[in-house]
Amino acid sequence: MSRRRILLSAAGVIVVAYLVTAYLILPRLDGAKARRDPGPGDAARFTHTHDGLPGDPLNIALVGSEADVVRAMLAAGWRPADPLSFRSSARISVDTVIDQPDPDAPVSNLYLYGRREDLAYEKPIGHSPRERHHVRFWKSAKPDEGRPVWMGAATRDIRVELSRTTGQVTHRISPDVDAERDLLLADLARAHALVETSWTDGFHKELQGRNGGGDPWHTDGRLATAVLSPQR
């Protein structure tokens, strides 16, 4: 066998091993851990990664049915993010390199209440998926006057990189998570999707930290609760 063929075979084995580990083995461990760990209660303040490290801080809650959330986010100009997979991750990698828009690029999985996000939305910045606004939502077990509550973590992605824990394609976030919370509220208000917004001061006692990827963040500690216009 020629030297080139040996090198190509070795490279192929490495690529296959990476894909199997990052997109088959570790996601299965993800699910196993989520089933073992019931997660924090509704008093949770942070998401967490597949291995239990602190994730992004929660900073917004939406009150309304799933249909209300979907309608409001679309009206506000935010699009659903594709599920994380090898295919979607490969697409975002290529689109990043060639600076091509990817308005449905996937988000990495974070956990709350023992499960990964129920809904994820994004708003592109410029022409490359390396930067975007995005938010993940988890349906809480405690409704608000009979309407579901969706706890969310809104952040801004500033570049693409490989996860330090799974090796999958992921993003680094901007430290100012309050700016993303406020941007989403402003977009929802412009779309006339809000009935009212209230604020919980001191929701976060820790006003700065790092997420599971090592990205720094800071906040004023407030949680915004936005009541959505009901579907008619």
Side-chain angles (χ1 to χ4, degrees), residues 39-48 55-84 102-125 129 131-157 171 173-174 176-204 211 217 219-232:
D42 275 17
R45 302 293 188 263
F46 297 91
T47 63
H48 62 274
D56 299 332
L58 300 174
N59 55 10
I60 189 170
L62 302 184
V63 180
S65 67
E66 182 173 346
D68 293 335
V69 173
V70 171
R71 188 185 69 259
M73 294 299 292
L74 291 176
W78 292 60
R79 297 183 54 138
D82 283 344
L84 185 67
D102 188 350
D104 304 309
V107 298
S108 57
N109 295 318
L110 289 178
Y111 293 83
L112 186 68
Y113 311 137
R115 67 180 188 273
R116 66 188 63 183
E117 61 277 354
D118 297 311
L119 300 170
Y121 286 86
E122 60 191 293
K123 181 180 180 181
I125 300 174
E131 288 190 80
R132 62 180 174 178
H133 308 284
H134 78 281
V135 61
R136 300 174 178 86
F137 289 112
W138 293 259
K139 186 178 181 181
S140 167
K142 295 183 179 180
D144 182 302
E145 297 184 357
R147 299 184 74 191
V149 176
W150 302 81
M151 299 300 295
T155 57
R156 173 178 174 172
D157 291 332
H171 282 83
I173 68 167
S174 167
D176 189 356
V177 295
D178 295 343
E180 296 309 294
R181 172 199 67 195
D182 298 344
L183 171 72
L184 178 52
L185 286 174
D187 286 345
L188 290 169
R190 276 193 294 270
H192 305 289
L194 299 182
V195 174
E196 62 178 340
T197 301
S198 60
W199 296 85
T200 303
D201 294 329
F203 178 79
H204 283 289
N211 65 14
W217 56 264
T219 177
D220 60 12
R222 299 191 300 164
L223 174 76
T225 300
V227 179
L228 300 177
S229 303
Q231 188 172 22
R232 299 184 185 281

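Side chains included, hydrogens not; waters and symmetry mates left out as well; all remaining heavy atoms used.
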When you compare the side chain of Val135 with that of Glu180, does any pair of heavy atoms fall below 4.5 Å?
no
Compare every heavy atom of Ala61 with every heavy atom of Met151, then report the nearest pair and how far apart it is.
SD-CB, 3.8 Å
How close do Ala226 and Leu185 get, heavy atom to heavy atom, and via which atoms?
CB-CD2, 3.9 Å
What closest approach, in Å, do Asn211 and Gly55 show between heavy atoms, and which atom pair accounts for it?
CB-O, 3.4 Å
Give the C-alpha distance, both sets of side-chain angles, the deciding distance and a yes or no for side-chain contact (heavy atoms from CB on, under 4.5 Å) between Leu62 and Val149.
CA-CA 6 Å; Leu62 302 184; Val149 176; over 6 Å; no
Excluding sequence neighbours, so at least two apart, what forms side chain to side chain donor-acceptor pair (under 3.5 Å) with Asp118?
Arg115
Met73 side, atom CE; Glu122 side, atom CD - distance, nearest 0.5 Å
10.0 Å
Rounded to the nearest 0.5 Å, what separation is found between the CZ atom of Phe137 and the CH2 atom of Trp150?
9.5 Å
For Thr155, enumerate each residue passing the side chain to side chain donor-acceptor pair (under 3.5 Å) test, keeping only those at least two apart in sequence or located in another chain.
His134
Measuring from atom CG of Asp182 to atom CD1 of Ile60, what distance do you get when rounded to the nearest 0.5 angstrom?
8.5 Å
Does the side chain of Pro80 come within less than 4.5 Å of Leu74's, by heavy atoms?
yes
Does a side-chain heavy-atom distance below 4.5 Å link Ile125 with His133?
yes
Among residues at least two apart in sequence or on other chains, which ones pass side chain to side chain contact (heavy atoms under 4.5 Å, CB included) with Asn59?
Ala154, Val177, Arg181
Counting only pairs under 3.5 Å, give me each side-chain donor-acceptor contact of residues 193-204, with atom names and distances, residues two or more places apart or in other chains.
residue	atom	partner	partner atom	Å
His204	NE2	Leu58	O	2.6

Enter the distance from Thr47:OG1 to Leu112:CG here, rounded to the nearest 0.5 Å.
7.0 Å
Check: Ser229 main-chain N/O paired with Arg71 side-chain donor or acceptor under 3.5 Å:
yes
Is it the case that Ser108 and Arg136 place a side-chain donor and acceptor less than 3.5 Å from each other?
yes
What residues form a side chain to side chain contact (heavy atoms under 4.5 Å, CB included) with Ala179, not counting sequence neighbours?
Asp176
Spatial distance of atom CD (Glu117) from atom CG (Leu110) [nearest 0.5 Å]:
6.5 Å
For Lys123, the salt bridge (charged side-chain N to carboxylate O under 4.0 Å, His left out) test, sequence neighbours excluded, returns Asp187
For a quick test of reading the model, state the closest non-hydrogen atom pair linking Arg132 to Pro124 and the distance between them.
CB-CA, 4.3 Å
Residues in side chain to side chain donor-acceptor pair (under 3.5 Å) contact with Thr219, at least two apart in sequence or another chain
Asp178
